[in-house]
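For the single chain, residues carry numbers from 1 onward in sequence order. Computed from a prediction, not measured in an experiment: that's the story for all the values here.
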Amino acid sequence: MNITFISAPAAGKGLISSMINEKYGFPHISIGDLLRSVDDEKVKKQLENGEFVDNRIIARLLSERLSKSDCKEGFILDGFPRNMSQISIYEEICEKANDKKNVIIVLDIPKEIGEMRILGRRVCLNCGNVFNEMFESKPKVSGICDHCGHKLVQRTDDNLEVYEHRYDTFLKETKPVIDYFETKGKVYHVDGSKSSDDTFREIEKIIGGYND
Ligand code: AMP
């Protein structure tokens, strides 16, 4: 199956995607991570300010990534589509990338929890794992990745000002995307404010309902 996560920022998409990847083997495709690897000044600025990057760049990155052989049996898409104009790219490129079922999962969290998570979030630039210095997903040694031993860093867009902007954008631009997919009956809602293990258990119930 292919799982698409659409949620407010800091809802836990990255962490839950890695947990699914570890247990089920589906590759975790984060649009944010794909964009962070692009060597382009304009894109870097947009990422820093939490602004949307041009659809053409995203469509190119996505079709390159989804055509790789590891996506044949399913994948996890994290952070796409985020506005109405991206739905056609999703339907053209992502839904047709393989013959598996496409499921959309929305992780719901209140804004205040997102704010707290943003301040503690640390990422490993080497292996992509995500930790939180303030919550249950703390690294064993503060500032060091449990998986590969590299230094953890705070993303430049993880500050309250950018979070406010990204949250507003979520309400104005991404919420209508969720409403659109609701009308097609493709959306599961999961409470993302619980511990990652609880959230993961809920998601496993959804995965268990599909056999491809
Ligand atoms: P994320 O890693 O998902 O938090 O995304 C980080 C940043 O990447 C966002 O703030 C945007 O600047 C950019 N980005 C991620 N997904 C998209 C998207 N679907 N469309 C446009 N820009 C995106």
Side-chain angles (χ1 to χ4, degrees), residues 1-40 43 46-47 52-107 123-130 145 147-148 155 174 177-178 180-182 184-190 192 196 199-212:
M1 69 191 291
N2 307 319
I3 300 173
T4 294
F5 282 111
I6 309 179
S7 306
K13 301 186 292 284
L15 180 58
I16 297 294
S17 298
S18 331
M19 292 169 88
I20 301 174
N21 166 265
E22 215 158 278
K23 178 145 181 192
Y24 296 91
F26 300 130
H28 169 203
I29 300 167
S30 151
I31 310 305
D33 286 349
L34 288 179
L35 288 168
R36 276 184 279 276
S37 68
V38 172
D39 192 15
D40 178 292
V43 172
Q46 286 168 320
L47 289 172
F52 282 163
V53 173
D54 194 286
N55 280 353
R56 276 169 304 181
I57 296 178
I58 295 182
R60 179 175 54 76
L61 290 169
L62 269 177
S63 53
E64 273 168 23
R65 181 62 189 89
L66 294 175
S67 64
K68 297 207 166 130
S69 58
D70 64 341
C71 293
K72 285 218 160 46
E73 296 305 315
F75 53 82
I76 310 157
L77 191 59
D78 157 8
F80 187 85
R82 284 196 189 182
N83 63 28
M84 294 301 283
S85 74
Q86 294 180 344
I87 288 179
S88 58
I89 302 174
Y90 174 81
E91 290 176 340
E92 282 302 308
I93 298 177
C94 309
E95 283 192 335
K96 292 185 182 153
N98 58 29
D99 58 0
K100 304 295 172 194
K101 285 253 162 42
N102 291 285
V103 170
I104 292 177
I105 302 180
V106 177
L107 293 180
V123 294
C124 175
L125 295 182
N126 183 51
C127 70
N129 273 289
V130 183
C145 178
H147 302 274
C148 71
R155 277 170 42 175
T174 310
V177 174
I178 298 172
Y180 167 84
F181 285 120
E182 300 264 13
K184 304 205 144 204
K186 291 183 181 174
V187 180
Y188 292 89
H189 283 268
V190 171
S196 54
T199 305
F200 185 57
R201 255 191 295 279
E202 288 305 306
I203 289 182
E204 287 206 277
K205 287 186 201 156
I206 300 172
I207 295 176
Y210 290 83
N211 52 14
D212 70 342

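- Across every non-hydrogen atom of Ile16 and Ser196, the tightest pair is CD1-O, 3.7 Å.
- Asn55 and Gln86 share a side-chain donor-acceptor pair at under 3.5 Å.
- Taking every heavy atom of both residues into account, Leu66 and Ala97 meet most closely at CB-CB, 4.0 Å.
- In this structure, Asp70 CG and Ile29 CD1 are separated by 6.5 Å, a value rounded to the nearest 0.5 Å.
- To the nearest 0.5 Å, atom CG of residue Asn102 and atom SG of residue Cys94 are 8.5 Å apart.
- The residue from Asp78, Leu35, Ile76, Leu77 that alone fulfils the side-chain contact (heavy atoms from CB on, under 4.5 Å) condition with Ser30 is Asp78.
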Show me the donor-acceptor pairs within less than 3.5 Å that the side chains of residues 19-26 make with the rest of the protein, sequence neighbours left out.
| unit_1 | atom_1 | unit_2 | atom_2 | d |
| --- | --- | --- | --- | --- |
| Asn21 | ND2 | Phe26 | O | 2.8 |
| Lys23 | NZ | Glu204 | OE2 | 2.9 |
| Tyr24 | OH | Glu204 | OE2 | 2.4 |

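- Residues passing the ring pair (Phe, Tyr, Trp, His ring centres under 6.0 Å) test with Phe181 are Tyr90, sequence neighbours excluded.
- Looking at heavy atoms from C-beta onward, Asn98 lies in side-chain contact with Phe75 at the 4.5 angstrom threshold.
- For the residue pair Arg65 and Pro27, the shortest heavy atom distance occurs at NH2-CB, 3.6 Å.
- A heavy-atom distance below 4.5 Å is found between the side chains of Ile105 and Ile206.
- Considering every non-hydrogen atom in both Ile58 and Phe80, the closest pair reads CG2-CE1, 3.6 Å.
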- Task: Evaluate the criterion side-chain contact (heavy atoms from CB on, under 4.5 Å) for residue pair Leu47 and Arg155; output intermediate values, then yes/no.
- Result: CA-CA 10 Å; Leu47 289 172; Arg155 277 170 42 175; over 6 Å; no
